[in-house]
Amino acid sequence: MAKLSLEERALFPLTDIESVVKLFRLHLEKNSEPNLAILSIIVGHIENTLTCSRMVPEPPGDEGTDNQHILPQVEYETVEALHHRFLAIIKAHVDVAALGSPRYATRDLVKRVSDVVWCTLSSSYYKDRAHLQSIYSYMTGAKLDSSGTTLAVVAACQALGYYDVHLALSEDHTWVVFGPHGKDTVEVTWHGKGNEDKRGIPVTHDVYSKSWLYVNGHPVVCDRHMEVATIVSNMNPGINATTDSEEVMLLQQALLWMLYDAGHLAKYPMAIDNLGDLEEMMPSKGRCPATRMYEEAITSAVRYYHNQHVYPYTYLGGYCYRNKMYKLALKYWARAASVIKNYNYSRDDEEIYKEFLDIANELIPHIMRVVSSGISARSILKDPECFGYLLEFYDGICEWEEGSATPVLHIGWAKALFNTIAKFDARVRSHVKIFCVAPDATEDEEVQESSGLEKAAAEARSSQDQNGNMATDCINLSEEEMEPSELLHRWPPVRLASAKMRGLRDLLLADKLNSQAISLQLTAQSQVTMSKKRGTSGGEIESTHAGGRSKRSRRE
């Protein structure tokens with residue numbers, strides 16, 4: 001594990017964004033084992049000073065100084081003292097010799113380190129509070145959130161000389177991989193409430209299969225430089241619910257661009273999305289637009305993680321929504337639902353449940369209210385493709401529910417669905433070609449269905465070409481003005497696989513919609529075999545129907 005060199009120490013005290021970025025760049029370029037604890041202490045010091053104590057730095061010189069680049073002064077002696085304290089805690093409580101001095105980390109060793117971190121945390125705080133993800137928070141207040149606990153365990157193992165221990169990240173959870181080939185896994189933290197006993201348990205196929213919390217066994221497994229990216233990506237500029245620290249945002253943005261340019265974000269969709277979010281709020285001169293970053297995150301998730309990550313699509317969908325590109329918002333929300341259908345819903349999925357609930361019950365109804373007012377040739381209510389995206393969105397949600405021990409859909413979902421589809425008149429709805437795929441269909445039937453779907457899609461594309469209305473994709477985020485008559489030249493194909501949406505097919509295409517019948521079908525108990533969620537302690541699993549996610553990156 002690398003310590004700071006004389007050249008790096010000469011950069012102290014750190015007083016501005018440029019000096020912090022220069023230190024990080026120099027440290028990463030010179031070391032294959034960048035010191036996670038020291039780097040976490042530095043950014044944690046800056047973040048906590050600017051968001052918790054609000055020590056806003058004063059410009060050191062003339063009036064022309066750009067105040068946005070001034071940071072609270074970070075002294076080397078402070079960083080060194082906190083780092084030595086961290087090392088002292090770990091080395092005083094972890095006797096590697098007593099564990100056999102293994103060449104590579106073992107489950108017992110990682111479990112021992114996690115126990116030390118856990119037992120040295122203060123119990124008098126709420127673990128889901130902000131600004132608890134850094135080792136600075138651990139050393140100054142004995143407080144860590146779930147992701148901070150995992151980082152501390154990895155940094156501690158690094159300090160003990162075990163360089164095979166690395167972070168594994170899903171979209172809402174963290175754990176550890178270790179061993180000579182990084183194939184061994186172990187829980188070192190909690191998720192939700194009352195799950196402390198997970199520590200030491202391996203993340204096996206029975207745990208991650210069909211589980212969004214573990215992304216179906218396709219997590220982001222970090223190397224050391226990606227772990228530095230995690231430290232930066234997890235920075236939280238929030239001062240309160242409505243105010244962010246601009247200095248923290250600018251520092252995070254500069255560090256993420258440095259990591260991006262070095263190639264350390266290529267396999268890290270969430271970090272790319274966070275950078276896109278910062279670029280959307282504060283565009284950097286000479287850099288690609290936020291939309292390109294959101295697209296890169298999707299590409300990364302598809303290329304490296306078998307398209308098992310949901311948030312890259314909701315990030316882009318949220319961007320389109322905020323910029324009033326409503327058709328594209330529906331498109332990417334439908335794609336997000338096409339990912340979530342690969343999973344079974346459980347009580348661990350509270351965050352992604354709130355995300356979809358907010359989309360279905362708040363954002364889509366808002367879109368419908370906006371486009372329903374006045375007469376507009378561009379209205380998505382005249383576009384069969386938009387109706388098709390809605391069907392695909394709800395089909396994904398219904399498939400997510402199938403096979404799950406807890407229902408997803410309740411009367412609130414049903415009301416929102418009916419009110420939304422009722423905005424589309426029968427003529428528009430009739431232009432959607434719906435293909436129903438039964439779960440027990442034979443391979444030959446699947447091939448025939450796929451062939452029919454591809455043919456319909458080709459016909460739809462051909463029709464669009466003849467009318468100059470090619471489908472918009474990730475690369476072109478503009479919406480064209482089209483007459484309603486042109487929109488109705490489209491015959492978009494939609495594939496419905498969930499039992500509930502297949503049962504709703506005729507009701508959705510009827511000239512007159514039947515609210516009661518649709519609600520009953522959508523909220524009916526799925527005819528599936530209920531089973532206990534893998535990796536839980538048993539008992540009935542409850543879902544928490546709460547409001548929208550508070551993360552800045554998925555703000556409205």
Worksheet item: Hey, is the main chain of M282 close enough, under 3.5 Å, to the side chain of Q253 for a donor-acceptor pair?
Response: yes

Discussion item. When you measure from the side chain of E171 to the backbone of V310, do you find a donor-acceptor pair of N or O atoms at a distance under 3.5 Å?
Written reply: yes

Discussion item. Could you measure the distance from the CE atom of M293 to the CG atom of L275? Nearest 0.5 Å is fine.
Written reply: 4.5 Å

Worksheet item: Got a donor-acceptor contact below 3.5 angstrom from the S300 side chain to the A297 backbone?
Response: no

Discussion item. Please check this pair: side chain of K198 against backbone of W190, looking for a donor-acceptor N/O pair closer than 3.5 Å.
Written reply: no

Worksheet entry | S146 and T189: side chain donor to acceptor below 3.5 Å | yes

Discussion item. With a 4.5 Å cut-off on side-chain heavy atoms, are M368 and N419 touching?
Written reply: no

Item to complete: Could you tell me how the ring of Y305 sits relative to the ring of H309: parallel (under 30°), tilted (30 to 60°) or perpendicular (over 60°)?
Response: parallel

Item to complete: Check whether any side-chain heavy atom of K327 lies under 4.5 Å from a side-chain heavy atom of D383, and answer yes or no.
Response: yes

Worksheet item: If only atom types and distance count, is the side chain of Q133 paired as donor or acceptor with the main-chain N or O of N234 below 3.5 Å?
Response: yes

Worksheet item: Are any of the side-chain nitrogens in K267 or D223 under 4.0 Å away from the carboxylate oxygens of its partner?
Response: no

Discussion item. Checking the side chain of H306 only, and the main-chain atoms of Q308 only, is there a donor and an acceptor separated by less than 3.5 Å?
Written reply: no

Discussion item. Students often mix this up, so state it plainly: with edges at 30° and 60°, are the rings of H366 and Y326 parallel, tilted or perpendicular?
Written reply: perpendicular

Worksheet item: Between I367 and I380, is any pair of side-chain heavy atoms under 4.5 Å apart?
Response: yes

Fill in: Check: N216 and Y343 side chains under 4.5 Å, non-hydrogen atoms
yes

Discussion item. Taking the side chain as everything from C-beta on, heavy atoms only, tell me whether I359 gets closer than 4.5 Å to F393.
Written reply: yes

Worksheet item: Closest heavy-atom contact between V220 and P269?
Response: CG2-CD, 4.0 Å

Item to complete: Indicate whether the side chain of Y394 and that of S498 have a donor and an acceptor atom separated by less than 3.5 Å.
Response: no

Worksheet item: Between atom CG of N342 and atom OG of S209, what is the distance when rounded to the nearest 0.5 Å?
Response: 10.5 Å

Worksheet entry | Pairwise distance CG(L381) to CZ(R429) - rounded to 0.5 angstrom | 11.5 Å

Item to complete: State whether the side chain of E392 and the backbone N or O of R495 hold a donor-acceptor pair below 3.5 Å, judged by distance alone.
Response: no

Discussion item. Using modelled atom types and a 3.5 Å cut-off, is there a donor and acceptor pairing between side-chain atoms of D349 and backbone atoms of I352?
Written reply: no

Worksheet item: Are any of the side-chain heavy atoms of V228 and H264 separated by less than 4.5 Å?
Response: no

Fill in: Validation row: L513, L507 side chains within 4.5 angstrom (heavy atoms)
no

Worksheet item: Side chains of N236 and T51: does their closest heavy-atom pair fall under 4.5 Å?
Response: no

Worksheet item: With respect to L496, which candidate in L504, I434, V437 satisfies the side-chain contact (heavy atoms from CB on, under 4.5 Å) definition?
Response: I434

Discussion item. Please check this pair: side chain of S170 against backbone of D172, looking for a donor-acceptor N/O pair closer than 3.5 Å.
Written reply: yes

Item to complete: Using atom types as modelled and distance alone, determine if a side-chain donor or acceptor of S233 lies under 3.5 Å from a backbone N or O of A229.
Response: no

Worksheet entry | Least distance between heavy atoms, Y313 atom then V339 atom | CE1-CG2, 3.7 Å

Practice prompt. Please work out which of the three classes, parallel, tilted or perpendicular, describes the rings of W400 and Y345, given edges at 30° and 60°.
Written response: perpendicular

Worksheet item: More than 12 foreign heavy atoms under 6.0 Å from CG of D261: is that the case here?
Response: yes

Worksheet item: Is it true that atom CZ of R303 has more than 12 heavy atoms of other residues, nucleotides or ligands lying nearer than 6.0 Å?
Response: no

Discussion item. Which heavy atom of P312 sits nearest to which heavy atom of D273, and what is that distance?
Written reply: CA-OD2, 3.3 Å

